[in-house]
Amino acid sequence: MVPSEYNVRRKQCETGVAMIQQHHKTIESLRDANIEMLDQYILPFDALIYKRCKFILEENERVVTAGENLKNGDLKSFGEKMFASHAGLQYQYEASCAEMDFLVDSVRNKEAVFGSRMMGGGFGGCTINLVREEKVDEIIQSTSIAYKKSMNRELTPYVAKIEAGTTVLKRATELKNISE
């Protein structure tokens with residue numbers, strides 16, 4: 001396997017799990033751990049592994065509460081979690097890059113933007129932004145200009161709209177028996 005920073009981060013988290021497992025045999029992944037375990041079994045021995053693992057635990061919690069924010073229509077709180085997620089990727093997991101940080105920072109204080117974060121495996125890629133629909137073109141224009149000026153690169157925006165998602169077209173009882 002070719003070494004990559006993504007694989008390094010994964011290995012660091014696996015190391016953190018192994019450190020906790022020395023004291024809690026039932027822990028199979030970071031999903032099973034908590035901050036107190038990190039504080040007790042990792043922080044005193046390896047600050048970098050602690051930082052990586054703490055990001056994962058905090059991100060897991062953000063995802064759960066962000067889901068609740070969406071269910072409740074609270075886009076402001078959801079957006080705050082997007083910005084917090086990016087900060088974790090930038091400073092704790094250290095999986096961001098100058099371009100992604102620039103893009104997130106460039107929209108951070110814009111009233112039309114609820115939230116922004118990098119997405120994908122890290123170390124480049126793209127950001128995802130939650131923007132008021134009527135302000136999308138304005139945000140794209142101002143961000144594109146600022147990005148070109150700062151990074152000397154063209155920005156390639158993609159506009160996506162949230163839809164209903166997966167829906168049931170027919171119930172299984174309405175379908176013919178496929179095995180016939």
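Only this structure's heavy atoms are used, side chains among them; waters, hydrogens and symmetry mates stay out.
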Practice problem: Kindly write out the residues that satisfy ring-ring contact (aromatic ring centres under 6.0 Å, His included) with Phe78, not counting sequence neighbours, or none if the list is empty. | Solution: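 None.
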Quiz item: Under the ring-ring contact (aromatic ring centres under 6.0 Å, His included) test, which residues partner Tyr50, sequence neighbours left out?
Solution: none
Quiz prompt | Residue among His23, Gln22, His24 satisfying side-chain hydrogen bond (donor to acceptor under 3.5 Å, both in side chains) with Tyr41 | solution =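 Single pass found, and it is His24.
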With sequence neighbours excluded, tell me which residues meet salt bridge (Lys or Arg N to Asp or Glu O under 4.0 Å) with [X].
X	result
Lys81	none
Lys25	none
Asp105	Arg108
Lys76	Glu80

Starting at [atom1] of [X], measure out to [atom2] of [Y] and round the result to the nearest 0.5 Å.
X	Y	atom1	atom2	answer
Gln21	Ser29	CD	OG	9.0 Å
Cys13	Leu30	SG	CG	5.5 Å
Lys149	Ser106	NZ	OG	13.0 Å
Leu103	Ile128	CG	CD1	13.0 Å
His86	Ser116	NE2	OG	7.5 Å
Asp101	Tyr91	CG	OH	6.5 Å

Practice problem: State whether the side chain of Ser150 and the backbone N or O of Ala146 hold a donor-acceptor pair below 3.5 Å, judged by distance alone. | Solution: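 Between the backbone of Ala146 and the side chain of Ser150 there is no qualifying donor-acceptor contact (under 3.5 Å).
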When you group the ILVMFWY residues by side-chain heavy-atom contacts below 4.5 Å and let the links chain together, are [Y] and [X] in the same group?
X	Y	result
Val64	Leu130	no
Met19	Ile35	yes
Leu70	Met82	yes

Partners of [X] by side chain to side chain contact (heavy atoms under 4.5 Å, CB included), sequence neighbours excluded?
X	answer
Lys161	Glu133, Glu163
Glu58	Lys54, Arg62, Gln92
Leu48	Gln12, Asp46, Lys51, Arg52, Glu94

Self-check item: Within 6.0 Å of CD in Glu28, more than 12 heavy atoms from elsewhere
Solution: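 Not buried by this count: 12 neighbours or fewer within 6.0 Å.
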Quiz item: Within a reach of under 6.0 Å around CD of Glu14, are more than 12 heavy atoms found that belong to other residues, nucleotides or ligands?
Solution: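 Yes, the 6.0 Å shell around CD holds more than 12 heavy atoms from other groups.
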Quiz item: Who are the side chain to side chain donor-acceptor pair (under 3.5 Å) partners of Asn34, not counting sequence neighbours?
Solution: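 Expected list: none.
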Practice problem: Could you walk me through whether Arg153 and Lys148 pass side chain to side chain contact (heavy atoms under 4.5 Å, CB included), step by step? | Solution: CA-CA 5 Å; Arg153 299 177 80 172; Lys148 175 70 174 173; 5.9 Å; no
Given side chains that start at C-beta, do those of [X] and [Y] come closer than 4.5 Å, heavy atoms only?
X	Y	value
Ile20	Asp32	no
Met119	Thr127	no
Ser77	Glu68	no
Cys53	Leu57	no
Asp137	Gln141	no
Met118	Cys126	no

Quiz item: Applying ring pair (Phe, Tyr, Trp, His ring centres under 6.0 Å), which residue pairs with at least one partner in residues 93-118 are found, sequence neighbours left out?
Solution: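 Non-adjacent pairs meeting ring pair (Phe, Tyr, Trp, His ring centres under 6.0 Å): Phe55-Tyr93.
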Quiz item: What's the shortest heavy-atom distance between Met100 and Gly125, and which atoms?
Solution: CE-O, 3.5 Å
Self-check item: Stepwise side chain to side chain contact (heavy atoms under 4.5 Å, CB included) check, Leu89 with Ser85
Solution: CA-CA 6 Å; Leu89 287 163; Ser85 177; 4.2 Å; yes
Practice problem: Give me the other members of the hydrophobic cluster that Val104 sits in, counting Ile, Leu, Val, Met, Phe, Trp and Tyr linked by side-chain heavy atoms under 4.5 Å, directly or via other members. | Solution: Phe83, Val107, Val113, Val131, Val136, Ile139, Ile140, Val159
Quiz item: Charged N to carboxylate O under 4.0 angstrom, Glu138 versus Arg132?
Solution: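 Result for this pair is no, no salt bridge flagged.
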